[in-house]
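What follows is one structure encoded as structure tokens, with my remarks underneath.
Just so it is clear, the structure is predicted and the values come from calculations on it, not from any experiment. Every heavy atom of this structure was used, including side-chain atoms; hydrogens, water molecules and symmetry mates were not.
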Amino acid sequence: MLTYVAIGAPCGMIMGQTGMEPWMVFALSSTFVTGSGQFMICNLWLAGVPAPSIIASVAAISSRFALYSASIAPHLTGASKRQTLAVAATLTEEAYGISLAKLVEGEDWGPRESFVLNVILIATWGVSCTMGAIVGAVVDVPTAIAAFVCTSLFICLLFSQRLSRGNVVAAVSGAVSVAVCKFLGLTNIAVPASVVAGIAIALACDAVFDGRGARDAR
């Protein structure tokens with residue numbers, strides 16, 4: 001919850017700078033489960049990026065929630081469809097990590113506990129973003145500083161990942177793809193294109209090296 005406050009407040013400041021009222025900030029933050037997506041929407045909107053490109057970019061980075069739900073589903077086989085839907089519809093990244101760990105460890109944890117945790121974190125995020133929007137309307141905080149909070153979060157997540165060939169290739173390929181798109185003037189599709197390119201090149205690289213390793217073993 002404390003991390004949500006630290007990240008949600010700057011996000012609310014940026015949302016306020018886009019012209020959203022505090023109640024709008026709370027409504028969006030309470031129904032949009034990806035905080036990084038909110039940062040992206042606001043930054044791209046302020047940069048004048050067309051709506052279709054914003055939708056494509058947010059959809060690309062939000063597709064990971066399908067994997068989160070798929071990985072937690074086997075541990076909720078005893079739950080009803082209504083309970084499973086409630087957990088999946090309110091799932092956040094931090095709640096996913098906590099719930100999955102407790103479910104795997106076999107603790108006294110089920111769909112009800114997962115849902116309650118999800119709701120608490122979403123409420124914390126919504127209130128934090130709203131407070132940020134209110135403070136941002138009084139105190140002038142540069143957009144670049146507030147926006148870098150989300151960027152720094154992803155940098156920390158990147159360096160906390162296991163250093164593997166696939167991760168390195170995906171990161172480098174994504175960065176190169178963004179640079180190439182911007183050089184060619186394709187700014188509108190730079191983000192979604194880099195995501196697709198990074199993943200595709202990393203998967204192809206792993207497939208080539210895994211196949212070569214299998215041949216060497218034979």
Side-chain angles (χ1 to χ4, degrees), residues 3-4 6-20 24-25 28-29 31-68 92-94 96 125 128-129 132-133 136 139-209:
T3 60
Y4 271 33
I7 301 173
C11 183
M13 293 178 184
I14 300 177
M15 296 174 72
Q17 291 179 9
T18 64
M20 297 181 66
M24 297 178 182
V25 173
L28 177 61
S29 303
T31 54
F32 200 76
V33 296
T34 166
S36 57
Q38 289 181 218
F39 270 101
M40 179 174 286
I41 290 173
C42 297
N43 288 324
L44 294 179
W45 181 266
L46 290 174
V49 177
S53 181
I54 296 177
I55 294 173
S57 300
V58 175
I61 68 169
S62 301
S63 60
R64 66 190 185 278
F65 281 90
L67 300 177
Y68 294 160
T92 64
E93 290 176 318
E94 289 75 12
Y96 162 76
W125 174 259
S128 301
C129 289
V139 181
D140 185 19
V141 179
T143 304
I145 296 178
F148 188 72
V149 172
C150 186
T151 304
S152 62
L153 173 62
F154 276 96
I155 292 175
C156 292
L157 291 174
L158 174 64
F159 282 99
S160 66
Q161 296 297 309
R162 180 174 60 89
L163 186 61
S164 65
R165 180 179 57 244
N167 287 343
V168 172
V169 170
V172 174
S173 301
V176 171
S177 300
V178 170
V180 171
C181 287
K182 289 185 176 293
F183 178 77
L184 296 176
L186 304 175
T187 305
N188 294 342
I189 64 170
V191 175
S194 66
V195 172
V196 174
I199 295 175
I201 295 174
L203 290 175
C205 180
D206 284 343
V208 170
F209 278 94

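The side-chain contact (heavy atoms from CB on, under 4.5 Å) test applied to Ala202 returns Val169, Ala170, not counting sequence neighbours. Shown here are the side-chain contact (heavy atoms from CB on, under 4.5 Å) partners of Ile199, two or more places apart in sequence or in another chain: Val195, Leu203. Judged as a side chain to side chain donor-acceptor pair (under 3.5 Å), and not counting sequence neighbours, the contacts of Tyr4 are Thr92, Glu94. Residues meeting the side chain to side chain donor-acceptor pair (under 3.5 Å) test with Ser128, sequence neighbours left out: none. Residues passing the side-chain contact (heavy atoms from CB on, under 4.5 Å) test with Val172, sequence neighbours excluded: Val168, Val176. Under the side-chain contact (heavy atoms from CB on, under 4.5 Å) criterion, Val58 pairs with Phe32, Met40, Ile41, Ile54, Ser62, not counting sequence neighbours.
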Donor-acceptor pairs under 3.5 Å, side chain of residues 177-185 to any protein atom, not counting sequence neighbours: which ones?
unit_1: Ser177; atom_1: OG; unit_2: Ser173; atom_2: O; d: 2.7

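Taking all atoms of both residues into account, the shortest heavy-atom contact from Cys42 to Met15 is SG-CG, 3.2 Å. Of all non-hydrogen atoms in Gln38 and Ser29, the two that sit nearest each other are NE2-OG, 3.2 Å.
Once rounded to the nearest 0.5 Å, the distance linking CD1 of Ile14 with CZ of Phe39 reads 5.0 Å. With rounding to the nearest 0.5 angstrom, the CE atom of Met20 is 9.5 Å from the SG atom of Cys129.
Trp45 and Gln17 share no side-chain donor-acceptor pair at under 3.5 Å.
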